[in-house]
Protein chains: 2
Amino acid sequence: MKSDSEASYLKLIDYFEKKTTLTEGEKTAIKSSYKIKKIKKKEYLFQQGEICKYEGFVSQGSFRTYYTDDKDLEHVLYFAFENWWVGDIASFNEEEASGQNVQALQDSELLVIDKPAKEKLFKSIPALEKVFRVITQKHLTVLQKRFLMTVSSNAEARFNELIQRCPTIEQMVPQHQIASYLGILPESLSRMKKQIAKRETHKSN
Amino acid sequence: MKSDSEASYLKLIDYFEKKTTLTEGEKTAIKSSYKIKKIKKKEYLFQQGEICKYEGFVSQGSFRTYYTDDKDLEHVLYFAFENWWVGDIASFNEEEASGQNVQALQDSELLVIDKPAKEKLFKSIPALEKVFRVITQKHLTVLQKRFLMTVSSNAEARFNELIQRCPTIEQMVPQHQIASYLGILPESLSRMKKQIAKRETHKSN
DNA sequence: AAAAAGTCTTAACCTACATCAATGAAACAG
DNA sequence: CTGTTTCATTGATGTAGGTTAAGACTTTTT
């Protein structure tokens, strides 16, 4: 399906063009550097203990990045939908084992690049270097907010913030994974939602 | 005190030379780009609501970065000792209000640079660009670990991890700020330490 | 040297969320 | 279509850490 993959590459080019200007030649270089990788539901880009060999741009579908602790509990670090990135920066760059798992939530498609290809691409398009520096900074800022939110407010406030920031998330992700993202157990989220609903009906009567 | 400031600049140069190679001319450029800024105990590099105009390298003393929430509770995000950096990357780069405070824990000294000077320095020493990209990545990795630690283990495990990673911290920082860093109240840390001590004596008898 | 401000500890009580256990419903595989 | 995981809900009970309040001890300010 040539036209499908063409559309995927266009998403990536559009994404970059929102952050910098590219010549036609540069666009071609980008297209030939990123490869299409399809990942079926519940399968992985990489898992804990493996090296993250690819950095991926989500062209179709969705992913979760999570960490499994020593009590075998999963903790969702991020969700990634279309036009977002997945990967473990530290593992990708240092070529060391990752502590994370990146799993498809549905049959999905990524545009992936490995480290040598990325370095080559940076050399031919220096402006991209800055684009990725900014992406990393943004990433850091988001995580800082998340961390502060986690230590300074309760699960209900975190839930409200999530719904406000990402209103469709409940349609896209099972509830126990939202709970994990919020840092609570599914039982607690279920109870919490019941409480919220009860309060809502009381108010409106 | 010329010799004092000379020693401060040497710390910064040594720091950079661990990550890249520099010519004498580049070292001179670095020295003339960073300015010395002394900050007395309890005073600030910047506060919540202000723009972080300087990125600082701690040449003497120590700092805490914290956030004050809507209930007026302080949450320590980082400590910074000698040879560490302070600042708010997002605020510094985007020139927007910061949500953080950077406060000296004792009379301290920074080598600071503002955004125009940093951009100019990057132009004259492109290798530094990569150094800072790596610093930001490292920063992100550290924060990710911290976040996962916070959601996947209890305060005692976090305390033990901190002591192991930074054994002298209890001599350098008041206990209520360590509590804040751990995400608990000073009373809880005090109680926790008592429990630990009780267990220790039981074991050794 | 006195006053004020900051720090640490202890104790009694409270609450948000975890844990354990059971159930029904939905999704999925053979 | 049917047995089997997976998912959501609910209830009973447990606990880490929060809240409030008080006292002692130390450091800083005047």
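Throughout, a chain's letter reflects where its sequence line sits, starting with A, and its residues are numbered from 1.
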Students often mix this up, so state it plainly: with edges at 30° and 60°, are the rings of B/F16 and B/Y34 parallel, tilted or perpendicular?
tilted

Please give me every residue in residues 185-195 of chain A whose heavy atoms get under 4.0 Å of an atom in DNA chain C, ordered by residue number.
A/L185, A/E187, A/S188, A/R191

Over the length of the helix from C/dA1-D/dT30 to C/dG30-D/dC1, how much do the five-pair end axes diverge, rounded to 10 degrees?
50°

Answer whether the closest heavy-atom distance between the side chains of B/L110 and B/F63 falls below 4.5 Å.
yes

Only one of A/K42, A/K41, A/K38 clears side-chain contact (heavy atoms from CB on, under 4.5 Å) with A/D107; which?
A/K41

Separation of A/I51 CD1 from A/K115 NZ (nearest 0.5 Å)
10.5 Å

Return yes if a side-chain donor-acceptor contact under 3.5 Å exists between A/Q106 and A/S62, otherwise no.
yes

Does A/E161 pair with A/R158 as a salt bridge, N-O distance under 4.0 Å?
no

Strictly below 4.0 Å, heavy-atom distances to any atom of DNA chain D: list the hits from residues 162-180 of chain A, or just say none.
A/P174, A/Q175, A/H176

What range of DNA chain C does chain A touch, first nucleotide to last, counting atoms under 4.0 Å from its heavy atoms?
C/dC17 to C/dC28

Can you say whether the rings of A/F147 and B/F147 are parallel (under 30°), tilted (30 to 60°) or perpendicular (over 60°)?
perpendicular

Do we see a donor-acceptor contact under 3.5 Å between the side chains of B/S152 and A/D69?
no

Is there a residue in residues 61-78 of chain A whose heavy atoms reach under 4.0 Å of DNA chain C, and which residues are they?
none

Centre of B/F122's six-membered ring, under 6.0 Å away, within 45 degrees of the axis: is that where NZ or CZ of A/K130 sits?
no

To check you understand the geometry: which heavy-atom pair defines the closest contact between A/E55 and A/F132, and what is its length?
OE1-CE2, 3.2 Å

Please list residues of residues 145-161 of chain B whose heavy atoms come under 4.0 Å from any atom in DNA chain D, ordered by number; otherwise none.
B/N154, B/A155

Would you tell me whether A/Q100 and A/Y78 have side-chain atoms, one donor and one acceptor, within less than 3.5 Å of each other?
no

Is there side-chain contact between B/E94 and A/T141, with heavy atoms separated by less than 4.5 Å?
no

Is the cationic atom of A/R64 (NZ for Lys, CZ for Arg) positioned less than 6.0 Å from the six-membered ring centroid of A/Y181 and within 45 degrees of its normal?
no

With a 4.0 Å cut-off on N to O distance, would you call A/R133 and A/E129 a salt bridge?
no

Using side-chain contact (heavy atoms from CB on, under 4.5 Å) as the criterion, point out the one residue from B/E17, B/K19, B/K11 that pairs with B/Y15.
B/K19

Quick check against the 3.5 Å criterion: does A/T68 have a side-chain atom that pairs as donor or acceptor with the backbone of A/E74?
no

Considering only heavy atoms from C-beta outward, does the side chain of B/M192 approach that of B/I196 to under 4.5 Å?
yes

